[in-house]
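Single-structure report; data block below.
Letters A, B, ... mirror the listed sequences (proteins, then strands); counts begin at 1.
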2 protein chains.
Amino acid sequence: MTTSWEYRYAQRTKGMRSSAIRDLLKVASQPGVISLAGGMPAPELFPLKEVEEACIRVLRDRGSDALQYSTTEGYPPLRELIVEKMSRYGILATLDNVLITSGSQQALDLVGKVLLDPGDVIIVEAPTYVGAIQAFTAYQASYASVPLDDEGMVVDLLEQRIIETHPKFTYVLPNFHNPAGVTLSRERRERLVSLSRQYGVPLVEDDPYGELRFEGEHIAPIVVIDANRNGEQREGYFKGDVVYMSTLSKTLSPGLRLGWIVAPVEVVDKLVQAKQGADLHTNTFSQMVAYEVIRDGFLEKHVREIRDVYRQRRDAMLATMEECFPEEVSWTRPQGGLFLWVKLPEAVDSQELLEKALQEKVAFVPGTAFYADGRGRDAMRLTFATCSIEKIDQGIRRLGKAITHRLKQPA
Amino acid sequence: MTTSWEYRYAQRTKGMRSSAIRDLLKVASQPGVISLAGGMPAPELFPLKEVEEACIRVLRDRGSDALQYSTTEGYPPLRELIVEKMSRYGILATLDNVLITSGSQQALDLVGKVLLDPGDVIIVEAPTYVGAIQAFTAYQASYASVPLDDEGMVVDLLEQRIIETHPKFTYVLPNFHNPAGVTLSRERRERLVSLSRQYGVPLVEDDPYGELRFEGEHIAPIVVIDANRNGEQREGYFKGDVVYMSTLSKTLSPGLRLGWIVAPVEVVDKLVQAKQGADLHTNTFSQMVAYEVIRDGFLEKHVREIRDVYRQRRDAMLATMEECFPEEVSWTRPQGGLFLWVKLPEAVDSQELLEKALQEKVAFVPGTAFYADGRGRDAMRLTFATCSIEKIDQGIRRLGKAITHRLKQPA
């Protein structure tokens, strides 16, 4: 007797599905299509020369270490750099608070693996990052959502959700939200922290874009506000109720798959055990190469350059939208990051609009991809990071044409 | 109110623990200690020049692809090489049967994630690979074990275990077993396949060392025997009841974290969904660099060199063991791989022996690390791959002295 595989899969696979974005990107990559869909950094900004020099240095000076197994926690000098980075934000972290992950997607997976039992509720923003839903759903989480406005999560609605659902944690993207492009205000961050304290609900702070601020004042990460609230900072090392994660994917290179988690030591210890079973350790060579590239302050210089380019592209996108989107359409004006969020008139279904848009040879991501519950038909995500100003202008004009065309049709 | 983290962890974390080996390696890495403990490839054999040239070529010819996001399935040319490799074994796999993973440790994790519900039983060899236990335990598996002898898993005892436990799958390391160093005979592979067919129990074949055969005849992988049993091979693509996995860690470099899974298309599709949530995709740069290094047959040449060195080191280890281990001690004589397995007299506890051995400045891994149930006190694993012949000779003499010393003590 041979059983077919379909009877063998674990319960958790029932919730798994391929990302709509991922499938869309295949279509969007067809010749002639201007893709405003993917969240890809501008490849022409990758520091190829610096990476090449770093590869040569690493292989010549420490080659046999670079190609060998290494520790699960990550390459100590790279973790040391993360500690410095965090200290600039005001976090008194030590090496033991830092875990290097295989991209921040793995950070999400490990947090789910260590914290989530089937049925546990996570409070997420609506909309939220689709990759987080993919990571947490694999551990059979369920979701309660809090809406966003121009100041980020509407924290006033959070307390009720907490009382109703007894969540395991709250997942929040405070800076230049993916997909919404909005940023959580300082006041709301403080309210978020005090509510989390009051109800004992930890926060998972996902901050891949924090360094990509084009304008406006830097706002302290939630982990900093939390750590400074409790006295433990004075003890000289970082504790608290926040698991913070970030990545080099948007500032250096996504292909190198390097992210990190900053968390209380006891949480890092659990995450390390989970990571041992998941992939032993993060790519040794990538860690050493990335360290060589960024060790002497290169990243700060490089990030300034990325910010300038992305700001100009955002401005170009906003300008063309003002010019040629119908007045019934509204959108966010992000102060940083890669994305903005477009609200369409009720009459327009973004899934149907996409078909028309692809005929016009422009691609975006329909809003439904970013909700755990099928909402978002009247919204779409656009990225201004990947295409040149010329392409952005052309793409937005094509999109405006598609929207206008949809609006003319009887609903 | 602030809840302490210890009340927040998922049920699955109760089974997680740090690998005993990993903690041991910290001690073993102290100056002057000869470590026969870790399973590290010989670093002096890493092809540093070839990797450097490949890095430069990749960054200059396709740099912006190499540092960008890429597909979850893996770099197509690398997958194509895996398809060729498998076809040399007699598997008619296509690109859709191959998933590149972040080392074969991730292959184990993804298989567990897709197949295991809490309480599912896995049949493992006793002893078995500790990393597999770590990966599967995170999905709350339980274990039934079948002993090993010089021909590998004692398959005659498997049927009874299957009947008793209704396992989700059988996990087997057929070639140059870690830790036991034994190889599953052709006859037993065929019996294993027919039993799995008869009872509808899939096989997970973990083959990291298969290419490192020093002597004797190549034996077809289980996946080949299974695929050739069922007619589907004639349909021109690979199906069957086996999930096969291997890695470049022992033949090229573990630091690059590159492994792969070959499985039926429907299983690969599920694994791809799981991998999207786990880390999006495997390191793009590593995949392209590894492909550049091995594309033109370099690996075959390089593996011959590795085999020669490891064979000489195995011979040196066996010779010194013959000379200076007490006669009550016995051990396996592997035809390939990195490890051999030593059986100690009942009177000697390998945990206690390790303390004495570390005083003598030599390290090994106690057998208990390789059982799911605390057995193995009377055994230890030695690796002959990492140290020079001189160090091996010296280390074995120190170990022989420690064993003799233990035997002299009253039990």
Are any of the side-chain nitrogens in Asp109(B) or Lys275(B) under 4.0 Å away from the carboxylate oxygens of its partner? no
Among the options [options], pick out the one with the most heavy-atom pairs lying under 4.5 Å from chain B.
| options | answer |
| --- | --- |
| Thr72(A), Val58(A), Leu45(A), Leu108(A) | Thr72(A) |
| Asp269(A), Leu67(A), Val272(A) | Leu67(A) |
| Phe169(A), Tyr139(A), Phe285(A), Phe136(A) | Tyr139(A) |
| Arg12(A), Gln134(A), Glu266(A), Met40(A) | Arg12(A) |

Which region of [X], side chain (C-beta onward) or backbone (N, CA, C, O), has a non-hydrogen atom less than 4.5 Å from a non-hydrogen atom of chain B, or is it both or neither?
| X | value |
| --- | --- |
| Thr282(A) | backbone |
| Pro202(A) | both |
| Ala274(A) | both |

We want to know whether [X] and [Y] form a side-chain donor-acceptor pair, criterion being a heavy-atom distance below 3.5 angstrom.
| X | Y | answer |
| --- | --- | --- |
| Ser196(B) | Asp226(B) | no |
| Ser70(A) | His281(A) | yes |
| Tyr129(B) | Gln105(B) | yes |

Closest-packed option against chain A by number of heavy-atom pairs under 4.5 Å, given [options]:
| options | value |
| --- | --- |
| Gly103(B), Ala278(B), Gly63(B) | Ala278(B) |
| Leu59(B), Val289(B), Asn283(B), Val267(B) | Asn283(B) |
| Pro43(B), Ser286(B), Pro254(B) | Pro254(B) |
| Gln287(B), Lys113(B), Met16(B), Gln106(B) | Lys113(B) |
| Ile133(B), Val130(B), Leu115(B), Leu110(B) | Leu115(B) |

Identify, with sequence neighbours excluded, every residue that meets side chain to side chain contact (heavy atoms under 4.5 Å, CB included) alongside Asp117(B). Ala10(A), Gln11(A), Asp120(B), Lys168(B)
For the student: nearest non-hydrogen atoms of Pro41(B) and Gln68(A), plus distance: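 Smallest interatomic distance, heavy atoms only, reads O-NE2, 3.0 Å.
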Cut-off 3.5 Å, no hydrogens considered: what does the side-chain donor-acceptor table look like for residues 47-55 of chain A, sequence neighbours left out?
| residue | atom | partner | partner atom | Å |
| --- | --- | --- | --- | --- |
| Glu52(A) | OE1 | Arg60(B) | NE | 3.1 |
| Glu52(A) | OE2 | Arg60(B) | NE | 3.2 |
| Glu52(A) | OE2 | Arg60(B) | NH2 | 2.4 |

Do Lys14(B) and Tyr9(B) meet the cation-pi criteria used here (NZ or CZ under 6.0 Å from the six-membered ring centre, within 45° of the axis)? no
